[in-house]
Every structure is written in C-alpha cells, then in structure tokens.
Amino acid sequence: MRKLEKLLIGAAVCALAAPVVAQADDQDMQKKIDDLTKKVQKLEEQQKGSDQKKIEDLTRKVDKIEEKSLGKWLTIGGDYRFRVDSLRGDVAAHSDAIGTMNNLVGAFVVGPNAVAGLTVGDNATIANPSGTAFMFQGKAGSLFTPAQFDTILNKYMPSAMYNAFIGQIMPALGGMTPTDVNNYLAANRLTAQQQGILATLTQKGIMDKVMGMMTPANQAAFASLPPAYQQAALVMAMQGFLGAGSGNLATSPSYKAKNDLLYTNRLGIDLHAKATKDVTVNVRLVAYKTFGSQDDSAITNSGNTPFFADRVGAFDGTLGHVPSSSLLDVDRAYATWSNIGDQPVWFSVGRRPSTNGAPSNLRLNNERPGNGGTPALLVDYAFDGMTLGWAPDIDALPGAYAKVCYGRGFESGFETPSNSLHDTDMLGVALIPIDTDPLRVWLQWNRGFQIFDFPVMSNTAFGNTAPATSLGDIDWYGAGFMSTLKNIGPGKLNFFADAGLSVTHPNNNVSNNAGFQGLLTGSFFNQEAPSDKTGWAAYAGARYDFEPTKTKFGVEYNHGSKNWITFAPAADDMWTSKLGTRGDVYEAYLIQELNLKPISSHLSKAFFKIGYQYYDFAYTGSNNWVGAPQKISDIKSTDLLLLQPLKSAQDVYATFEVKF
C-alpha cells in the first residue's frame with residue numbers, strides 16, 4: 001500500500017514539473033489530483049476491509065475454540081480437611097436393653113425356667129438358640145422379625161413365667177405371712193419402667209397365657225390368694241426376670257467414655273457444568289475416613305452399644321458426612337433449569353444441597369449458602385428430591401425468593417402381601433424475604449410423612465437394620481436471620497439467631513425393633529398410647545473477623561427442649577448433631593487463614609481451626625425420634641435403654657483445611 005502511494009504521488013509531481021506547453025490549466029490539474037486522491041482512499045478502504053474481515057474470521061475461530069474448551073463450561077473445585085478430635089463423655093448408670101434381651105433369651109433356653117424344644121429363624125432351622133442367634137437370625141435388614149416376636153411373646157415368655165410361677169413364686173408365697181408380703185412389696189417396689197413393662201405384657205395377653213397354662217387347681221389356688229399376694233406374685237415375676245438381682249440385666253455402671261485422639265481425612269470434589277443455556281449440573285463427591293480404618297466404628301462405639309441414634313452407623317443421608325471409608329460417595333448431584341419462560345423461576349432435581357445450611361456456614365468457614373440450602377437447625381440430611389423456586393424483583397425486599405421442596409428419605413419398594421411399608425417423604429416451603437450481604441432472613445416449614453423406625457444400616461451393634469414400620473408424621477417450623485456489621489473496629493461482626501418447633505403426630509404403630517417404642521412414645525418393652533409431642537429449640541451465635549490478620553473468632557449456643565427432634569444426622573459434629581441435643585451445647589472456635597495469594601480460584605484459601613464443644617444433656621434420645629425422652633437424672637440402673645445415656649460430653653478439635 002505504501003509503495004503504491006509513493007508511486008501515485010511521484011506521478012503527480014512529475015506531471016506538475018512538465019513543460020508548460022504540455023500541461024492543462026489549473027482546474028484540469030486539480031481534477032487529476034482529486035481523482036488520484038480518491039483512488040488512494042478507495043485502495044485504503046479496500047485494504048482496511050480485507051484486514052477487518054481477517055480479524056473477524058480469527059475472532060470467530062477463537063470463540064469456537066473457547067466454546068469447546070473445558071474452562072468455558074466446566075468448573076472444578078473442592079476441599080480437603082485433616083481433623084483431630086479429643087472426645088470425653090460421662091455415661092449414666094443403666095441397663096443395656098439388647099444385652100438384657102440376650103441374657104433373657106439365653107435363660108429361656110438353658111436357665112432354670114428354660115423352654116425346651118423351640119426353634120427360631122424364617123425357616124425354623126435353629127433349635128434352642130443362644131440369645132445372639134435368636135436376635136440376629138431373622139431376615140436381613142431387621143433386628144427382630146414378626147416370627148421372633150411371636151416366639152418371645154407367645155412361647156418363651158409365657159412358658160418361662162409359668163415355670164417361675166409354679167416352681168418358685170407360688171411355693172414362696174405359700175410360706176409368707178401377710179406381714180411378710182407387705183414387707184416384700186415395700187422393699188421391692190417396681191420402677192416406672194418395670195410397671196410399664198408389666199402393663200404392656202398384660203395388655204398383650206402374656207399374663208392370660210401364663211394363667212391358661214396352669215391346671216384348673218393352680219388357677220383356683222392363685223385366684224383364691226388375697227390381692228396383696230397376687231400383686232406380690234407379679235412383682236416377684238418382674239424382679240425375677242428384670243430385677244437388680246435377677247442376673248438377666250446387662251447393667252452398665254456410670255463411667256467415662258473417651259477417645260484421646262481421633263484423626264480423620266475428608267476430601268470433597270465439586271463439579272459445576274453449564275450444559276445448555278440456563279441449565280446447569282452440580283456434583284459433589286466426598287470421601288471421609290478415619291485414620292487406620294475403612295468403616296464407621298470409631299464414631300459408632302466399635303460394635304458396642306452406641307451413644308446416639310444418628311451415630312449408630314452410616315446410612316443414605318449421612319454418607320460422606322460421618323467418617324466411614326475412603327470411597328468417593330455422591331454427596332450431591334442435581335440439575336437446575338433457570339429463567340423458565342424468561343421469568344425468575346427455577347426448577348432443580350437430584351441429590352439436593354440440603355446439608356451445611358445457614359447459619360452453620362460461619363463456623364465451617366464456608367461462603368454464604370445460595371438459594372438451594374436449608375436452615376441447619378431443621379434439616380441437615382442428604383436428600384434426593386426436587387425444588388421449584390421463584391425470585392421476584394421487589395425493591396422493598398432485596399434478594400427475596402420462595403421455594404417448595406420435596407424429598408424422599410426412604411423408598412419402600414413394591415407393595416406386596418409381605419411388604420406394607422410406606423415411603424418416607426419430606427415436603428418443605430421456604431420463604432426468604434431478604435437475602436443481601438448485610439442481612440438474610442428465613443422462614444421455613446417442613447413436614448415428614450410416614451417416618452420410619454430404623455434406617456438401612458449394615459453391621460451395626462443392632463445387626464443389619466432397615467425400616468420395619470412407619471411411626472407417623474412430624475411438622476417442623478423455623479424462623480431466623482443472620483447479619484453482618486462492617487467496620488466494627490478493624491474487622492466485621494457476623495451474628496445470627498434461629499428458632500425451631502417440632503410437632504410429632506404418631507400413629508398406632510410401634511417399632512418391634514425398638515421394643516414397642518413409637519414416635520416419641522414409650523420405652524423398651526413399655527408401650528405408650530400415641531400422643532402428639534411438641535418440642536422447641538433455639539440457636540444463636542456470632543463470629544468476629546479481624547481482617548488485618550485474617551483471624552476469626554466465633555461462639556455459639558443452642559438449646560433443645562425435652563421433646564425437640566430435628567432431622568440433622570449429617571451435621572459436622574463427632575458426638576452427635578449438636579442442633580438435635582435435648583439440653584444445652586456451648587461452642588467456641590478460632591479460625592486462622594493463611595495470608596497466601598489464591599491461585600485456583602478467587603475463593604481458594606487455606607486455614608487452621610481449633611474449637612471446643614460442651615454438651616450438657618438434660619434428656620435421653622437426642623436426635624432420636626423413636627421412644628419417649630427420659631430425664632437423665634431420673635435414670636435408674638435397672639432401666640433398659642437401647643442407647644447409652646450421656647450426661648455430658650466434650651470435644652476439643654483442630655483442623656487444617658484447604659479450599660480450592
């Protein structure tokens with residue numbers, strides 16, 4: 001182009017320098033110059049257009065390459081955590097229900113009141129079984145089968161009690177005076193649970209069967225006894241089988257449980273894929289294991305009677321949230337369709353982001369949860385389900401949105417003559433009127449339908465368990481907020497408050513696996529009439545972020561009433577989910593982030609954390625909806641309990657965490 005310009009200009013100069021006789025007038029010369037200038041401009045425009053086309057072609061090629069690149073549609077991140085815990089707990093004196101059942105069955109088979117010639121098992125293949133063989137002979141997935149309960153209630157117990165009546169109780173009463181009987185009754189009062197067990201056995205016809213096995217002469221002799229003697233006979237029977245000196249009770253004195261050092265590793269891999277316009281897929285894979293173990297024994301008491309229902313074993317909703325193995329489990333996997341019909345509406349389905357919700361993100365040092373989370377006080381469980389949400393643009397309610405959530409907690413399979421179980425489902429409605437950086441407010445209602453008795457677990461202290469019956473429904477209500485105040489000294493202050501209400505609606509079913517206990521009703525072999533129970537909980541805390549050194553200090557407190565029950569077995573606590581505690585929990589922690597430049601993403605960070613938790617339990621059954629709570633201070637050493645009752649517990653923990 002430059003050579004052409006020089007050539008044209010040179011030609012013009014030569015023309016001007018030609019002899020006068022060979023030149024035209026000035027106007028003609030100016031016209032020639034104008035024509036040459038236009039030609040130059042035209043050539044420049046043609047060249048410029050050619051360059052622009054090349055640039056546009058190149059841009060299109062780059063865009064196509066970027067569209068096909070992983071970085072355009074896939075984001076990969078995650079986290080790693082090393083954690084060490086030092087655990088201490090004070091266990092109240094009690095009697096182990098499963099151990100006692102083992103002793104009783106053994107006594108029924110080989111003891112002085114033994115019942116010979118009986119068999120158990122689905123195919124009645126074991127004759128005169130041991131206690132352990134009896135309890136774990138049923139079909140896989142159940143602690144007891146209907147056939148086993150039929151054997152206990154209608155064969156073992158009546159026959160054993162008949163033998164005791166004829167061989168021991170009636171002869172003993174024959175040698176007692178009325179004064180002796182009164183003194184015996186005064187000295188051998190039944191506990192509340194023993195009275196309940198006797199009432200349950202009477203209600204189920206056990207005592208009628210015992211009387212029916214007697215000869216007419218023995219029946220007449222018993223019927224002729226004064227009421228005090230008849231009462232003494234029943235008390236003797238209960239004390240003989242479940243009394244402190246019976247030899248059947250698997251008593252456990254008060255003791256201190258401890259694990260000096262528990263080390264765990266946790267790895268999480270997060271994937272975010274943009275599939276199409278407005279459709280994304282999110283996946284989280286988690287492996288969480290104890291040092292030196294590929295199972296959950298460190299938190300389930302190593303095959304001995306566990307302490308809490310949410311730590312009996314790992315199950316569907318807690319995989320990846322309690323230490324179990326080094327396998328990568330699918331913690332989350334869901335697809336979301338946004339901007340439906342060009343409206344602020346979204347639909348999401350899959351394994352939900354229903355764990356680690358607000359305000360637990362503060363102590364976990366996570367980012368603020370998005371609109372997919374749930375309040376941690378009500379739900380901390382890995383659900384499979386779906387959500388329909390709406391986020392209108394309202395000036396007076398910045399960030400507001402509402403959503404309806406549905407989840408399935410248990411799939412019962414085909415309904416057949418041998419399977420009458422119902423699915424366990426959850427329905428929730430969330431209203432978040434404000435969701436901004438300085439303030440987030442939430443209102444929540446959930447309902448659990450057809451709550452099962454035991455989840456599916458393998459190799460627990462209770463054997464292989466599975467739902468055996470539906471116990472009823474539970475309603476939950478919650479309201480809370482979290483806020484941030486900036487420029488408070490050299491940092492900012494985060495604080496929150498949350499409140500929850502639970503209302504149970506039991507049906508007439510009870511769990512045979514749990515010894516006739518229902519939805520917050522009854523105790524082991526002490527059945528209680530169903531009634532609604534209301535519980536409540538409060539949760540509050542604060543965290544101050546000292547920004548010059550990236551140091552964060554937080555404190556939290558939560559309280560749960562006698563009948564409080566939440567659905568949070570996947571919470572990040574070693575002893576048990578602290579937000580399901582019936583009593584008080586105090587926690588303090590310190591987070592120190594490393595002042596290092598993030599590389600993998602702007603959210604990348606590494607930090608150390610140290611913390612302390614103190615549990616003060618007021619009632620039994622924290623995080624357990626099966627059975628009525630019992631005041632810890634009222635527990636007798638003869639009381640039969642499926643779980644070991646802790647009076648208090650402590651956890652001193654430290655972590656090193658990397659988020660990438």
Side-chain angles (χ1 to χ4, degrees), residues 83-102 249-264 288-293 295-314 318 321-324 457 459-463 514 523-524 558 560 568-569 571-587 610-624 626-627 629-654:
R83 174 167 173 157
V84 57
D85 291 81
S86 181
L87 304 164
R88 295 284 190 278
D90 293 317
V91 182
H94 66 287
S95 290
D96 179 66
I98 296 300
T100 299
M101 183 65 70
N102 193 340
L249 287 178
T251 57
S252 174
S254 60
Y255 71 97
K256 294 187 180 297
K258 66 177 181 178
N259 188 336
D260 291 329
L261 291 175
L262 173 63
Y263 299 111
T264 56
Y288 191 10
K289 73 179 295 289
T290 303
F291 276 34
S293 176
D295 56 37
D296 54 19
S297 59
I299 62 164
T300 60
N301 203 20
S302 303
N304 299 307
T305 303
F307 301 104
F308 299 99
D310 61 339
R311 298 297 181 263
V312 168
T318 67
H321 294 272
V322 298
S324 55
M457 298 180 289
N459 301 318
T460 75
F462 305 139
S523 60
F524 192 77
N558 62 276
D572 192 36
D573 304 300
M574 284 298 178
W575 273 114
T576 184
S577 171
K578 72 172 191 174
L579 296 181
T581 297
R582 292 168 182 158
D584 303 288
V585 182
Y586 308 85
E587 181 170 8
I610 58 173
Y612 173 75
Q613 288 180 326
Y614 180 78
Y615 294 77
D616 185 10
F617 298 100
Y619 294 90
T620 61
S622 294
N623 291 297
N624 187 12
V626 181
Q630 185 175 352
K631 195 171 184 177
I632 299 288
S633 59
D634 291 343
I635 294 176
K636 305 292 190 299
S637 61
T638 56
D639 285 347
L640 300 176
L641 299 176
L642 279 173
L643 301 169
Q644 298 197 59
L646 261 70
K647 295 182 290 186
S648 63
Q650 302 177 62
D651 184 7
V652 180
Y653 63 89

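Predicted model, so just to flag it, every value in this text is computed and none were measured.
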Test item: T620 side-chain N/O and Q630 main-chain N/O as donor-acceptor pair under 3.5 Å: yes

Nearest atoms (heavy-atom pairs only) where G313 meets T318: O-OG1, 4.4 Å

For residues G292 and K289, report the shortest heavy-atom separation together with the two atoms involved. N-NZ, 4.0 Å

Report, one line per pair, each donor and acceptor closer than 3.5 Å where one atom sits in a side chain of residues 297-312; sequence neighbours left out.
| residue | atom | partner | partner atom | Å |
| --- | --- | --- | --- | --- |
| S297 | OG | D295 | OD1 | 2.7 |
| T300 | OG1 | D296 | O | 3.0 |
| N301 | ND2 | T305 | O | 2.8 |
| S302 | OG | S297 | O | 3.4 |
| N304 | ND2 | N301 | O | 3.3 |
| T305 | OG1 | D96 | OD1 | 2.6 |
| D310 | OD1 | T576 | OG1 | 2.8 |
| D310 | OD2 | T576 | OG1 | 3.0 |
| D310 | OD2 | S577 | N | 3.0 |
| R311 | NH1 | P569 | O | 2.8 |
| R311 | NH2 | A571 | O | 3.2 |
| R311 | NH2 | D573 | O | 2.8 |

Taking all atoms of both residues into account, what is the closest heavy-atom pair of Q644 and V91, and its distance? OE1-CG1, 3.8 Å

For S523, side chain to side chain contact (heavy atoms under 4.5 Å, CB included) partners two or more places apart: Q193, N526

Not counting sequence neighbours, which residues clear side chain to side chain contact (heavy atoms under 4.5 Å, CB included) with T264? List them please. R83, L262, Y288, T290, P323, M574

Can you see which heavy atom on I635 is nearest to which on A93, and at what distance? CG2-O, 3.4 Å

Search all heavy atoms of S637 against all heavy atoms of T251 and return the closest pair with its distance. O-CG2, 4.2 Å

Looking only at atom types and distance, does a side-chain atom of N558 sit under 3.5 Å from a main-chain N or O of K578, one as donor and one as acceptor? yes

Could you measure the distance from the CD atom of E587 to the CD atom of Q613? Nearest 0.5 Å is fine. 4.0 Å

F291 meets the ring-ring contact (aromatic ring centres under 6.0 Å, His included) criterion, sequence neighbours left out, with F82, Y263

Name all residues meeting the side-chain hydrogen bond (donor to acceptor under 3.5 Å, both in side chains) criterion together with N259; count only those two or more places apart in sequence or in a different chain, and write none if there are none. none

Could you work out, with side-chain hydrogen bond (donor to acceptor under 3.5 Å, both in side chains) as the rule, every residue matching Y619, not counting sequence neighbours? none

What are the two closest non-hydrogen atoms of A250 and G99, and how far apart are they? CB-C, 3.6 Å

Any chance you could measure T638, atom OG1, to L640, atom CG, to the nearest 0.5 Å? 7.5 Å

Taking only residues two or more places apart in sequence, or in another chain, which ones meet A649 in a side chain to side chain contact (heavy atoms under 4.5 Å, CB included)? W575, Y615, F617, L646

Okay, side chain of T581, backbone of G583: is any donor-acceptor separation there less than 3.5 Å? no

Taken in chain and number order and not counting sequence neighbours, the residues that satisfy side chain to side chain contact (heavy atoms under 4.5 Å, CB included) with Y614 are Y586, Y612, D616, S648, Q650

To the nearest 0.5 Å, what is the distance between CZ on F524 and CG on L643? 11.5 Å

Gap separating the CG atom of D260 from the CG atom of D85, nearest 0.5 angstrom: 12.0 Å

Taking only residues two or more places apart in sequence, or in another chain, which ones meet H94 in a side-chain hydrogen bond (donor to acceptor under 3.5 Å, both in side chains)? none

Applying salt bridge (Lys or Arg N to Asp or Glu O under 4.0 Å), can you list everything that pairs with D639, at least two apart in sequence or on another chain? none

